[in-house]
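The following block contains the structure, expressed as structure tokens.
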Amino acid sequence: MLQSKIGGIGHYVPEKIVTNDDLSKVMDTSDEWVRERTGIEARRYGEKHKETTSSMGAKAATIAIERAGINKEDIDFIIFATLSPDYYFPGCGVLIQRELGITKTEIGALDIRNQCSGFIYGLSIADQFVKTGMYKNILLVGAEMHSMGLDYSTEGRNVTVIFGDGAGAVVIQPTEEADKGILTTKLHSDGTYAEKLAFINPGSHGGYHFDKMGEEKDFGYPDKDEYGGIFMTQKMIDDDMHYPNMEGQFVFKLAVQKFPEVIMEALTDAGLTPADIGMLVPHQANLRISQFVQKRMGLRDDQVWNNIQKYGNTTAASIPIALCEAWEAGAVKDGDLVCLAAFGSGFTWGSALIRW
Ligand code: ACO
């Protein structure tokens, strides 16, 4: 059986730095509150009307392709993970194909919507395709342009202060070194609490009779059915129904439980222990979550990579950005055991073990 490996990695973050103090000028928040609760000091915002999720993804992908030692025309499959796509449809997979100038049409492009765990889901899909011999150079991208879709009023502060923009990309290739590459991936989901962290309008539920948390509400319309089938109404916009929402404490409690569980599941499967981890790259959800997981797993500071302080939570992009920075800094070396783990909206969660 073939193994797959990360053959090249790249990342891109936009130039514009937005500090907590910058946000406190437009909403009722403070640097102290945000740092204390999340560890975040700043985040990056893409250039409005110039950059998009797929254009940022293309910048990261160009670096990953070059580092993989291949030409863009060698890419035979694209997987794009994002929750903030350029368009509702088509997805960013074909848009990045065009942006990169990949003209051959024998390739496939797949978009996945697994939010914070999107990169790990994408990695698992790519791993299966390479293992079966179907593809040889899979471009996997995680990118987000959250800044275009956040509520900058005080009402949206609990969500808005957390998120930032950026992109990361890898090229997944086969390897003949039996002890190298992706050792295992573990994926999980539980839809019970789908609306606890969600962006539900516009959507095919089509009704304005759902509130932000997905609860059915009577908004005083004489005929609710009148609104069925309409993705977006002016009233939804007027009532600020078109922003993401999150029950922060609920998410926090589940995250700190699921991260260690899914990491242990992967380690046990591979016959390894936390002590074997060279570098844990957790999805950068909240520094407090990462610190909790580190403590629970008994890991030293040099075994965990955190960069949420600089970039905030970049959802599908956070793991490839962090992994790329760790590798560029020399903190991930040949032969190291790298563990990736994520938890997020859905809820979906997962982990991956890679022998670098
Ligand atoms: N600035 C100032 N005050 C705020 C802000 C803000 N940005 N946001 C909320 N508050 C206020 C609230 O209104 C509330 O005020 P009140 O007591 O007067 O009602 C108070 O702060 C406490 O609010 P809580 O929501 O209880 O604050 P909490 O300590 O839970 O922290 C946070 C909120 C940071 C969102 C936390 O719950 C969290 O990190 N949860 C995990 C969510 C997460 O990581 N999401 C990322 C996406 S999912 C993922 O990637 C896993």
Side-chain angles (χ1 to χ4, degrees), residues 12-14 16-18 20 22-23 26-27 29 34 38 40 42-57 80-93 95-96 111-119 141-168 194-206 208 210-214 230-248 251 283-286 308 311-318 321 344-346:
Y12 169 79
V13 287
K16 187 177 177 187
I17 298 170
V18 177
N20 298 334
D22 291 332
L23 288 179
V26 294
M27 63 178 75
T29 189
V34 180
T38 70
I40 298 166
R43 71 287 293 142
R44 303 290 180 103
Y45 282 178
E47 196 175 335
K48 244 185 186 179
H49 309 308
K50 191 162 175 224
E51 293 192 289
T52 65
T53 301
S54 66
S55 78
M56 290 192 290
F80 204 116
T82 186
L83 66 70
S84 51
D86 298 24
Y87 306 144
Y88 200 87
F89 73 82
C92 286
L95 299 181
I96 199 174
D111 288 85
I112 55 171
R113 303 192 50 177
N114 287 77
Q115 293 61 255
C116 303
S117 62
F119 186 79
V141 182
E144 303 288 356
M145 186 136 170
H146 287 305
S147 60
M148 291 296 280
L150 296 169
D151 178 358
Y152 293 98
S153 75
T154 294
E155 209 197 326
R157 64 184 177 178
N158 66 324
V159 173
T160 299
V161 298
I162 292 178
F163 293 96
D165 301 344
E195 287 80 15
K196 296 278 186 196
L197 176 51
F199 191 157
I200 73 163
N201 292 308
S204 64
H205 63 81
Y208 186 60
F210 289 102
D211 76 357
K212 278 187 167 186
M213 304 306 290
I230 297 174
F231 264 25
M232 178 67 92
T233 64
Q234 185 58 47
K235 186 90 167 82
M236 279 182 188
I237 297 172
D238 294 345
D239 289 359
D240 290 339
M241 302 291 289
H242 57 298
Y243 291 122
N245 65 77
M246 175 176 74
E247 259 188 50
V251 177
H283 160 54
Q284 306 290 301
N286 177 324
I308 190 170
Y311 303 135
N313 179 335
T314 57
T315 310
S318 93
I321 293 174
S345 162

Distance check, rounded to the nearest 0.5 Å: Thr82 atom OG1 versus Asp111 atom CG? 9.0 Å
Strictly distance-based, threshold 3.5 Å: is any side-chain N or O of Ser117 a donor or acceptor partner for the main-chain N or O of Gly344? no
What's the separation between atom CG in Asn114 and atom CZ in Phe119, rounded to the nearest 0.5 Å? 13.0 Å
Using every non-hydrogen atom in the two residues, find where Gly46 and Ser147 come nearest and quote the distance to one decimal. N-OG, 4.1 Å
Counterpart residues, side-chain contact (heavy atoms from CB on, under 4.5 Å), relative to Lys16 (two or more places apart): Val18, Tyr45
Give the intermediate values and the outcome of side-chain contact (heavy atoms from CB on, under 4.5 Å) for residues Leu150 and Val159. CA-CA 8 Å; Leu150 296 169; Val159 173; 4.2 Å; yes
Between Gly149 and Pro244 the two heavy atoms that sit nearest each other are O-CD, 3.4 Å
Output for pair (Glu47 CD, Asp165 CG), nearest 0.5 Å, gives 12.0 Å
If only atom types and distance count, is the side chain of Arg43 paired as donor or acceptor with the main-chain N or O of Val161 below 3.5 Å? yes
Under a 3.5 Å distance rule, please check whether Asn313 uses its side chain to pair with a backbone N or O of Phe163 as donor and acceptor. no
Is any side-chain heavy atom of Met56 less than 4.5 Å from a side-chain heavy atom of Pro14? yes
Grab the two heavy atoms, one from Ile162 and one from Thr38, that are nearest each other, plus how far apart they are. CG1-CG2, 4.2 Å
Distance (rounded to the nearest 0.5 Å) between Glu51 CD and Tyr12 OH: 3.5 Å
Applying side-chain contact (heavy atoms from CB on, under 4.5 Å), name anything that partners Asp86, two or more places apart in sequence or on another chain. Thr52, Thr53, Ser54, Cys92, Leu95
Can you see which heavy atom on Ala81 is nearest to which on Ala316, and at what distance? O-CB, 3.4 Å
Residue Tyr152 excluded, over 12 heavy atoms near OH under 6.0 Å: yes
Least distance between heavy atoms, Gly166 atom then Ala317 atom: O-CB, 3.4 Å
Between Leu83 and Glu144, the two heavy atoms sitting closest are N-OE1, 3.0 Å
Please identify each residue that fulfils side-chain contact (heavy atoms from CB on, under 4.5 Å) with Arg157, with sequence neighbours left out. Met27, Asp28, Thr154
May I ask you to decide if Val34's main-chain N or O and Asn20's side chain share a donor-acceptor pair within less than 3.5 Å? no
Separation of Thr314 OG1 from Ile308 CD1 (nearest 0.5 Å): 8.5 Å
Could you measure the distance from the NE2 atom of His146 to the CZ atom of Phe199? Nearest 0.5 Å is fine. 11.0 Å
